[in-house]
Amino acid sequence: MVLQKTTARLIASPDIWIEGEALRQLEQTAALPGMRAAVGLPDLHPGKGYPIGAAFLSERIYPALVGNDIGCGMGLWQTDLAIRKFKPERAAERLTGLEGPWDGDLAHWRVDHGLTPTAFDQALGTIGGGNHFAEWQTLAEVLDPSALAELDLDPERLLLLVHSGSRGLGESVLRAVIDRHGHLGLEPESTAARDYLKAHDQAIHWAEANRRLIARRLLNALGTEAERRLDVWHNLVQPIDWAGETLWLHRKGAAPADRGPVVIPGSRGTLSYLVKPLIQPRLKSAPETDASLRSLAHGAGRKWKRGEARGRLSARQRPDDLQKTALGGHVICEDKELLYDEAPEAYKAVDRVVADLVDAGLCRVIATLRPVLTYKVRHPAHKQPGARKTKRGRR
DNA sequence: ATGTGC
């Protein structure tokens with residue numbers, strides 16, 4: 001028997017910056033037992049042991065490849081708000097109280113969305129930290145009017161894009177499986193795999209419901225309504241029929257190319273892209289999309305590691321400067337470290353990322369979206385004055 | 001990414 005080493009494939013032009021560490025991680029992951037294919041998308045960047053911006057097809061299930069934020073993804077709503085009536089400063093004043101538990105009827109809401117209770121439900125409807133956000137956007141340029149019409153998007157109305165995941169729930173699911181089984185991956189027919197997949201599936205639905213509740217809370221704060229136009233997961237593992245064989249497709253920071261249009265967000269200081277994956281809907285397949293494991297980039301991709309941005313930027317940009325962007329957008333982020341970490345400079349050029357996908361024949365641009373107001377976080381609860389669990393006296 | 005951690 002000859003053991004063939006799976007080689008990693010990278011979809012990216014030489015023009016785009018890809019860290020050596022990310023490529024090393026991609027190759028190492030491609031060499032895991034049972035791995036059939038590994039693809040790095042143009043937003044590829046290093047993660048904790050495994051790269052982000054990648055898709056993997058394997059015989060085994062690797063929970064660590066999905067990571068802790070199981071079900072993280074993007075939801076897009078079209079609101080009833082007319083763009084010309086939207087005042088970002090006024091809206092910003094009304095967006096408060098979104099970090100704590102929702103004050104609505106959670107039990108009822110859970111039933112409506114098919115969720116069973118978990119120990120993490122007080123976080124339902126909260127955005128979280130890191131690269132998560134909720135952003136009010138307008139259509140900037142429309143390149144494919146008929147695809148836009150198919151999505152029923154009205155250029156006169158404000159959009160709301162929500163990026164969040166499964167918060168503490170996904171973290172607990174990953175920790176439990178890694179504590180018991182390490183990083184070796186799970187045999188799909190095993191009890192361990194069944195247990196993980198059950199918890200994983202609960203987490204992806206919790207994450208989707210979380211995005212819904214985040215949207216609802218933001219819409220309520222502005223006294224308006226909206227309709228969801230798309231919602232996709234970019235962190236998950238799923239069984240997939242691959243030429244008659246059932247294999248496991250892992251997406252770690254990779255948007256699906258087989259679930260209709262997706263938003264590829266830039267940083268808060270750049271446009272985002274609404275794209276149409278080029279896949280034949282009836283066949284759910286095409287040579288290019290199979291080569292990319294039916295996946296697309298999930299964003300611009302980090303250029304600077306977390307914690308690096310403050311040192312690089314603080315000399316030339318004060319926190320106040322960071323609350324306005326080059327495109328004229330406003331930013332609500334009262335966590336200073338996060339304000340720097342998520343600065344536009346910390347990300348690669350999303351235009352290049354999307355151009356690489358288009359050049360590879362993977363998608364077409366429907367429209368670009370302009371950020372108007374980006375909501376990250378108000379004073380984090382544990383950093384509120386008086387909330388410190390300090391043991392030291394003041395003298 | 002994370003009720004983050006001594």
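These numbers come from the heavy atoms of this one structure, side chains and all, not from hydrogens, waters or symmetry mates. Residue numbering restarts at 1 for every chain, and letters A, B, ... go by the order of the sequence lines.
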Output the rounded distance in Å from [atom1] ([X]) to [atom2] ([N]).
X      : N     : atom1 : atom2 : result
A:I127 : B:dT4 : CD1   : P     : 19 Å
A:N235 : B:dT2 : CG    : P     : 11 Å
A:D341 : B:dA1 : CG    : P     : 10 Å
A:M74  : B:dA1 : CE    : P     : 12 Å
A:D335 : B:dA1 : CG    : P     : 13 Å
A:L338 : B:dT4 : CG    : P     : 16 Å
A:R211 : B:dA1 : CZ    : P     : 13 Å
A:R302 : B:dA1 : CZ    : P     : 7 Å

Item to check | Of residues 162-174 of chain A, the positions that come close to DNA chain B - non-hydrogen atoms, cut-off under 4.0 Å | outcome: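 Those residues are A:R167, A:G168, A:E171.
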Next on the checklist: Counting neighbours of NZ on A:K336 that are heavy atoms of other residues, nucleotides or ligands and sit closer than 6.0 Å, is the number greater than 12?
Outcome noted: no
Next on the checklist: Around atom CD of A:E225, are there more than 12 heavy atoms from other residues, nucleotides or ligands closer than 6.0 Å?
Outcome noted: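 No, the 6.0 Å shell around CD holds no more than 12 heavy atoms from other groups.
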What does [X] touch in the nucleic acid at a heavy-atom separation under 4.0 angstrom: a base, only the sugar-phosphate, or nothing?
X      : value
A:A207 : nothing
A:G128 : sugar-phosphate
A:G130 : sugar-phosphate

Checklist entry - Is a side-chain donor-acceptor pair under 3.5 Å present for A:Y340 with A:E308? => result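 The answer is no; no qualifying pair exists.
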Checklist entry - Can you list every pair that meets side-chain hydrogen bond (donor to acceptor under 3.5 Å, both in side chains) and has a residue in residues 41-63 of chain A, with sequence neighbours left out? => result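 Only A:R36-A:E59, A:D43-A:H298, A:Y50-A:H183 qualify under side-chain hydrogen bond (donor to acceptor under 3.5 Å, both in side chains).
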Next on the checklist: Between B:dA1 and A:D69, counting only base atoms on the nucleotide and side-chain atoms on the residue, is there a donor-acceptor pair under 3.5 Å?
Outcome noted: no
Item to check | Residues that A:I83 engages under side-chain contact (heavy atoms from CB on, under 4.5 Å), provided they are two or more places apart | outcome: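 So A:I83 forms a side-chain contact (heavy atoms from CB on, under 4.5 Å) with A:T138, A:L158.
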Checklist entry - In terms of side-chain geometry, is the basic nitrogen of A:R378 or A:E99 positioned less than 4.0 Å from the acidic oxygen of its partner? => result no
